[in-house]
Amino acid sequence: MAHESGLACVLGTMKPFTAALAALIVLAAAVPAGAQIAAARPLPPILNVTGQGSVDRAPDRVVVTFTITTNDDNATRATSANNAAYATLAAKLGGLGLSGAAVRTTSYNVNYNLRPPKPDPAYAVRYGYIVTRSVRVTSDRTDQAGAIVDAGVASGITEVGSIAFTLRDPRAAQRAALAAAVADADAQARTIAEAAHVRIVRIANISSNTYPVGPRPLSVIGRTASMASVQQVPTEVQPSDLTVNATVSFSYEIAP
């Protein structure tokens with residue numbers, strides 16, 4: 001009886017162990033053989049290269065910004081003077097074939113600056129109602145840049161804020177720069193692989209970055225309405241080419 005009782009005790013302690021072993025066998029069987037092999041397989045060697053590309057394009061659009069500032073102790077007279085200067089500007093730009101969407105008011109502000117009892121003559125400060133209008137003029141003829149500036153000065157504008165040259169279709173230039181960057185990366189990878197006596201199996205990863213083609217501004221030109229009377233020689237502004245850059249990073253799987 002004692003022998004049977006001891007055997008039963010041993011069998012009872014083996015049941016949990018047997019159950020755990022059976023569970024491990026079931027889990028191992030549930031994992032596909034291919035997955036087990038893939039987990040044990042080392043990662044393939046990778047060759048990383050970065051290609052750079054750039055293209056130069058002649059700008060085909062010019063953007064000129066103006067500021068018209070007027071002031072008066074009377075708000076109506078201040079706004080009327082500003083409106084008159086803008087109307088003159090619009091008329092002169094219309095003579096250049098620029099109207100509608102080509103001439104836009106980008107901001108318009110009316111502020112009041114109280115005149116002090118004794119204004120400091122060392123500072124040219126506007127007092128009363130001050131009206132400030134910002135105007136953006138866009139032309140698809142870059143050779144009109146100087147004529148646009150002259151039209152603004154002749155209209156009594158207060159300031160030429162900037163003259164910037166850009167592209168109507170910047171994405172076309174970006175695509176060309178990307179293509180050049182890809183060609184550069186491919187040439188680098190082939191040169192390195194040949195020198196290292198390895199072969200390129202496939203492309204494992206690609207990432208790219210293009211730099212936006214922003215307008216290239218020229219130096220800001222400050223002018224006052226009084227300069228219109230001495231403006232005799234037409235203004236000429238010659239644009240320079242725009243450079244568009246792109247970078248492409250490639251990861252290649254290689255083998256002996």
Side-chain angles (χ1 to χ4, degrees), residues 19-65 101-102 104 106-107 136-142 145 161-220 237-256:
L21 180 59
L24 288 174
I25 294 173
V26 171
L27 288 174
V31 178
Q36 297 179 47
I37 296 173
R41 181 184 302 163
L43 295 175
I46 296 295
L47 169 63
N48 296 313
V49 297
T50 298
Q52 296 181 340
S54 64
V55 295
D56 292 333
R57 292 289 184 269
D60 53 14
R61 173 169 287 178
V62 61
V63 179
V64 182
T65 59
R104 291 292 189 186
T106 56
S107 67
R136 183 182 64 207
V137 182
T138 304
S139 174
D140 290 339
R141 287 182 50 189
T142 58
S162 66
I163 304 172
F165 294 96
T166 186
L167 299 172
R168 282 177 285 179
D169 184 14
R171 296 193 61 88
Q174 290 172 352
R175 288 192 293 269
L178 277 171
V182 170
D184 179 47
D186 180 71
Q188 288 187 56
R190 293 180 183 278
T191 301
I192 294 172
E194 181 179 355
H197 303 291
V198 296
R199 60 186 178 87
I200 296 175
V201 178
R202 65 183 183 89
I203 298 174
N205 185 54
I206 304 175
S207 63
S208 65
N209 185 27
T210 56
Y211 304 93
V213 188
R216 175 171 292 176
L218 302 181
S219 56
V220 176
V237 182
Q238 298 297 328
S240 57
D241 286 350
L242 299 172
T243 301
V244 185
N245 298 300
T247 301
V248 177
S249 296
F250 276 79
S251 293
Y252 296 93
E253 181 181 329
I254 58 175

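Looking at Ser54 and Asn245, their side chains come closer than 4.5 Å, going by heavy atoms from C-beta outward. Residues Thr142 and Arg61 are not in side-chain contact: their nearest non-hydrogen atoms beyond the backbone lie 4.5 Å or more apart. In this structure, the side chains of Leu178 and Ser208 come closer than 4.5 Å at one or more pairs of heavy atoms.
Taking every heavy atom of both residues into account, Ala181 and Ala246 meet most closely at CB-O, 3.8 Å. For the pair Ala173 and Val244, the tightest heavy-atom approach, listed with the atom from each and the gap, is CB-CG2, 3.7 Å. Taking all atoms of both residues into account, the shortest heavy-atom contact from Ala58 to Leu167 is O-CD2, 3.4 Å. In terms of heavy-atom proximity, Ile200 sits nearest to Arg190 at CD1-N, 4.3 Å. Of all heavy-atom pairs between Ala185 and Val49, the closest is O-CG2, 3.7 Å. Nearest heavy atom pair, residue Gly51 against residue Asp184, reads CA-OD2, 3.3 Å.
In this structure, the side chain of Thr247 does not engage the main chain of Asn209 through any donor-acceptor pair within 3.5 Å.
To the nearest 0.5 Å, the span separating CD1 on Ile46 from CD1 on Ile254 amounts to 7.5 Å. The CZ atom of Arg199 sits 9.0 Å away from atom CD of Glu253, with the distance rounded to the nearest 0.5 Å. Between the CZ atom in Arg104 and the OG1 atom in Thr138 there is a gap of 9.5 Å [rounded to 0.5 Å]. In this structure, Asn48 CG and Tyr252 OH are separated by 10.5 Å, a value rounded to the nearest 0.5 Å. Atom OG1 of Thr166 sits about 8.0 Å away from atom CG of Asp60, to the nearest 0.5 Å.
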task: Given side-chain contact (heavy atoms from CB on, under 4.5 Å), test Leu47 with Phe250 step by step and report yes or no.
output: CA-CA 8 Å; Leu47 169 63; Phe250 276 79; over 6 Å; no
